[in-house]
Amino acid sequence: MVAVLSLALTGCGGEGKSDKPAASTSAKPSAGEASASGAVKSTDAPPPQIIATVNGEAGMVLTINKAARDAGGFLTVEGQLKNTGSAAYVNTAPWRGNELNSSGVSVAGVTLVDKAGKKRYYVLRDTDGRCLCTTGLNIIEAGQTMPFFAQFPAPPTNTVEVDLSLPTFATATVKLSG
């Protein structure tokens, strides 16, 4: 069947001469091969960039992969929380912070500090007072990785780095993009 299809495609080219390269008989492009739209497809996704890693108590590690300004005037920080300890981590309550909120167990206590601009940024809230951040973090089992995100008002465009603080973790200096 492949031979018949190959002959049919060759026959449509007008005596074997064509400005276009021969069609591939492979149904799936190989790694790094360009698709018909010109985009390069890869079967192996590159590992996410790590822009900061900070240690918390009892083997918790926060890895930040992205701190980017969004078009709407926001700054979104993304990464992972990982329990590298040998026991379940249950002390997530401090991550909520001290302010009254309706986010439940969350990372609403995370803040950003623009030292150059001398300003602290708190996590944004929706109209019901819930944080625009990771929620539902009751217990993190040993070895478990949980996604982390928090959205803030964007600092001025001349601010290139901020200090990120999450209760029970060391402070991390994070370079901004976008």
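Along the sequence shown, the residues carry numbers beginning at 1.
- Following chains of ILVMFWY side-chain contacts shorter than 4.5 Å, one can reach Leu62 starting from Met146, so the two form part of one hydrophobic cluster.
- With 3.5 Å as the limit, one finds no donor-acceptor pair spanning the side chains of Ser106 and Arg96.
- When all heavy atoms are compared, the tightest approach of Ile139 to Ala88 is CG2-CB, 3.9 Å.
- Every pair tested for ring pair (Phe, Tyr, Trp, His ring centres under 6.0 Å) that includes a residue from residues 57-82 fails, sequence neighbours excluded, so the list is empty.
- Residue Thr159 is tested with Lys115, Arg69, Lys119 for a side chain to side chain contact (heavy atoms under 4.5 Å, CB included); the sole match is Arg69.
- At a threshold of 4.5 Å between non-hydrogen side-chain atoms, the residues Asp114 and Pro156 count as touching.
- Taking every heavy atom of both residues into account, Gly143 and Lys82 meet most closely at O-CE, 3.9 Å.
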message: Please determine whether side chain to side chain contact (heavy atoms under 4.5 Å, CB included) holds for the pair Thr63 and Phe148, giving the CA-CA distance in whole Å, both sets of side-chain angles, and the decisive distance to 0.1 Å.
response: CA-CA 9 Å; Thr63 303; Phe148 171 92; over 6 Å; no
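- Although no hydrogens or angles enter the test, the distance criterion places no donor-acceptor pair under 3.5 Å between the side chain of Asp70 and the main chain of Gly72.
- With Asn55 contributing its side chain and Gly59 its backbone, the two residues share no donor-acceptor pair below 3.5 Å.
- For the pair Ile64/Thr53, no side-chain contact is recorded, criterion being any heavy-atom separation below 4.5 Å from C-beta on.
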task: Carefully, step by step, assess Gln80 and Asn65 under the rule side chain to side chain contact (heavy atoms under 4.5 Å, CB included).
output: CA-CA 8 Å; Gln80 299 86 37; Asn65 303 112; 2.7 Å; yes
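- Here the CZ atom belonging to Arg130 is positioned 14.0 Å from the CG atom belonging to Leu124, to the nearest 0.5 angstrom.
- Between the side chains of Thr173 and Asp163, a donor-acceptor pair is found at a separation under 3.5 Å.
- With hydrogens and angles ignored, the 3.5 Å screen pairs no side-chain donor or acceptor of Thr76 with any backbone N or O of Gln151.
- A side-chain donor from one of Ser165 and Thr171 sits under 3.5 Å from a side-chain acceptor of the other.
- The nearest pair of heavy atoms linking Ala67 to Leu75 is C-CD1, 3.9 Å.
- Atoms OH and CG, on Tyr121 and Leu164 in that order, are 14.0 Å from each other to the nearest 0.5 Å.
- Pairs of residues two or more places apart, or lying in two chains, that qualify as ring pair (Phe, Tyr, Trp, His ring centres under 6.0 Å) and include a residue from residues 149-178 are Trp95-Phe169.
- Contact between Val110 and Ala150 at its shortest, heavy atoms only, is CG1-CB, 3.8 Å.
- Contact between Cys131 and Ala108 at its shortest, heavy atoms only, is CB-CB, 3.8 Å.
- Looking at Asp126, its side chain does come within 3.5 Å of a backbone N or O of Gly129 through a donor-acceptor pair.
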- request: Could you give me the CA-CA distance, side-chain angles and deciding distance for Leu137 and Val107, then say whether side chain to side chain contact (heavy atoms under 4.5 Å, CB included) is met?
  value: CA-CA 8 Å; Leu137 298 171; Val107 296; 3.7 Å; yes
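- Separating the CG atom in Leu81 from the OG1 atom in Thr134 is a distance of 7.0 Å, to the nearest 0.5 Å.
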message: Is there a side chain to side chain contact (heavy atoms under 4.5 Å, CB included) between Ile51 and Lys66? Walk through the geometry before answering.
response: CA-CA 7 Å; Ile51 59 175; Lys66 176 183 169 188; 5.6 Å; no
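- Screening residues 137-148 for side chain to side chain donor-acceptor pair (under 3.5 Å) gives no qualifying pairs among residues at least two apart or on separate chains.
- Rounded to the nearest 0.5 angstrom, Thr168 OG1 and Asn91 CG are separated by 6.5 Å.
- Connection of Val54 to Val113 is not established within any shared hydrophobic cluster, with ILVMFWY side chains joined at heavy-atom distances below 4.5 Å, either directly or through further cluster members.
- Atom CG of Leu176 sits about 8.0 Å away from atom CD of Glu161, to the nearest 0.5 Å.
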